[in-house]
J.: 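Structure incoming, see below.
Chain identifiers are assigned alphabetically (A, B, ...) following the order of the sequence lines, protein sequences preceding nucleic acid strands; residue numbering begins at 1 within each chain.
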Protein chains: 2
Amino acid sequence: MTTMTALHPTSPADPPQLGLRERKKIKTREAIRTATYELIEEQGYDATTIEQIADRAEVSPSTVFRYFPTKEDIVLTDEYGPLLEEFRDRPADEPWQDSLRHITRRAIGLGLGEEPEITRLRCRLIAEVPAVRSRLMESMSAAGPLLAGAIAARTGRDPESLEVRVFTMSLIGGLMEIFPYWARTGFRDDPADLVDRALAVYDRGPGAENP
Amino acid sequence: MTTMTALHPTSPADPPQLGLRERKKIKTREAIRTATYELIEEQGYDATTIEQIADRAEVSPSTVFRYFPTKEDIVLTDEYGPLLEEFRDRPADEPWQDSLRHITRRAIGLGLGEEPEITRLRCRLIAEVPAVRSRLMESMSAAGPLLAGAIAARTGRDPESLEVRVFTMSLIGGLMEIFPYWARTGFRDDPADLVDRALAVYDRGPGAENP
DNA sequence: AGTGAATTGAGAGTCGCTGTCAAAATCAAG
DNA sequence: CTTGATTTTGACAGCGACTCTCAATTCACT
């Protein structure tokens with residue numbers, strides 16, 4: 001025993017380099033999230049209050065706000081940030097459509113990987129709750145300049161130009177519609193196909209032929 | 001004197017067919033709006049509360065909410081609704097780009113006609129205050145199905161199809177960027193030109209040539 | 001163990017917004 | 001002009017998201 005503690009001064013066993021504090025933080029974060037999802041499935045989004053969430057997650061309301069800036073952020077994923085840097089690091093000679101398709105698919109796989117039901121609930125909320133949709137739009141818009149920079153670099157234009165900005169926002173607005181569409185059609189389609197079809201619109205316009 | 005009152009029982013003079021009630025409603029509505037604009041210019045959007053607005057407009061806070069559903073709606077125009085019906089009533093053989101250009105220009109002229117400074121303040125708020133931008137996005141999205149229907153009719157496709165929905169939302173997202181761009185460049189450009197340049201993106205992509 | 005730092009909970013407070021209800025203003029008729 | 005119905009208004013209470021502060025607890029390191 002003393003040997004072990006001597007060899008591993010701080011980390012006990014499985015989780016390699018994570019203190020008790022960090023592990024607890026992750027646990028409460030998850031607890032808040034699952035409590036929120038449960039309550040929303042039970043009574044809907046608007047009916048669930050922060051106080052209820054805090055009660056079920058066994059934390060105080062203050063703690064909920066310490067972990068998530070707004071109620072909408074609890075249900076939305078925040079893993080999309082790193083993905084955009086991935087977009088920027090793609091080969092410069094690759095057409096932007098391919099880069100976009102690549103990371104969009106990764107984003108979907110990422111969201112779909114963990115818990116399909118949660119992803120579906122999220123989509124439903126994006127489609128039905130204006131506040132959630134607005135918040136998603138806002139965070140995607142925040143990533144706008146980065147996207148604009150990447151597109152500008154590919155097309156050799158000024159990222160501040162009206163054309164690039166308009167195109168970037170049109171991408172964000174258009175691709176966001178995939179979520180509500182997927183939810184509205186009962187999650188029957190393959191999300192990757194939807195991404196392809198959506199991106200095709202930007203190449204061929206809204207009157208594109210069916211496959 | 002008695003002759004006049006006999007001839008004009010209720011309506012005194014100028015405004016032809018408008019009761020006292022309607023006239024007062026318009027006046028309080030304007031009072032709330034101008035009070036809001038003044039306060040925002042003085043202390044910024046977030047710092048001005050509904051109570052302050054009500055005080056300066058000399059009404060009660062309840063009345064403010066009776067005239068405008070949200071704080072954001074006070075600063076946003078609501079004249080865009082009728083414009084969309086105008087879009088639907090355009091000749092069916094006209095390309096959708098031309099129809100869109102037409103009503104977008106009318107929208108700009110409408111907002112610009114009355115008070116240029118207010119239009120500029122509005123643009124600045126759209127660019128800077130997330131809540132205002134979100135609200136605008138929401139109301140434009142609400143008009144989405146109508147726009148989708150018109151575009152679908154022009155291109156002979158299902159308005160419920162993914163392609164049309166994505167394209168419609170891309171239009172809304174992209175064209176909305178005109179406001180922030182106009183504000184960011186110090187209102188130096190002619191708004192009509194910006195609309196043309198933005199619409200050109202949907203024809204030729206983000207790499208379009210400069211004139 | 002004991003010190004220093006981070007995390008938490010409790011409480012009060014602000015603001016947007018919703019509802020109710022009675023008072024006041026306006027309108028229509030006699 | 002007075003009466004009675006209708007509409008508009010203001011005062012009030014209340015809810016929920018969110019912020020801030022401060023003391024108590026918990027963890028990390030020696």
J.: Between CD1 of A/Ile126 and CG of A/Leu121, what distance do you get to the nearest 0.5 Å?
T.: 10.0 Å
J.: On DNA chain C, does the nearest nucleotide to B/Asp46 precede the nearest nucleotide to B/Glu22 from the 5' side, or the other way round? Give the residue.
T.: B/Asp46
J.: Taking atom types as they are modelled, is there a donor-acceptor pair under 3.5 Å from the base of D/dA11 to the side chain of B/Ser60?
T.: no
J.: For A/Arg122, is there an ion pair with A/Glu115 - N to carboxylate O distance below 4.0 angstrom?
T.: no
J.: Below 4.0 angstrom, N of the basic side chain to O of the carboxylate: do B/Glu128 and B/Arg124 qualify?
T.: no
J.: For C/dC15, does OP1 or OP2 lie under 4.0 Å from any side-chain N or O of B/Thr49?
T.: no
J.: Below 4.0 angstrom from OP1 or OP2 of C/dT26, is there any side-chain N or O of B/Lys24?
T.: yes
J.: May I ask you to verify if any side-chain N or O of A/Lys71 is less than 4.0 angstrom from the OP1 or OP2 atom of D/dG16?
T.: no
J.: Side chains of A/Arg154 and A/Ser99: is there a donor and an acceptor less than 3.5 Å apart?
T.: yes
J.: Do the side-chain N or O atoms of B/Tyr67 get closer than 4.0 angstrom to the phosphate oxygens (OP1, OP2) of D/dT8?
T.: no
J.: Quick check: on DNA chain D, is the nucleotide nearest A/Pro69 upstream (toward 5') of the one nearest B/Lys25, or the reverse? Name the residue that is more 5'.
T.: B/Lys25
J.: Can a side chain N or O of B/Ser62 be found less than 4.0 Å away from OP1 or OP2 on D/dT9?
T.: no
J.: Checking only heavy atoms, does the side chain of A/Arg21 share a donor-acceptor pair with the base of D/dT26 at less than 3.5 Å?
T.: yes
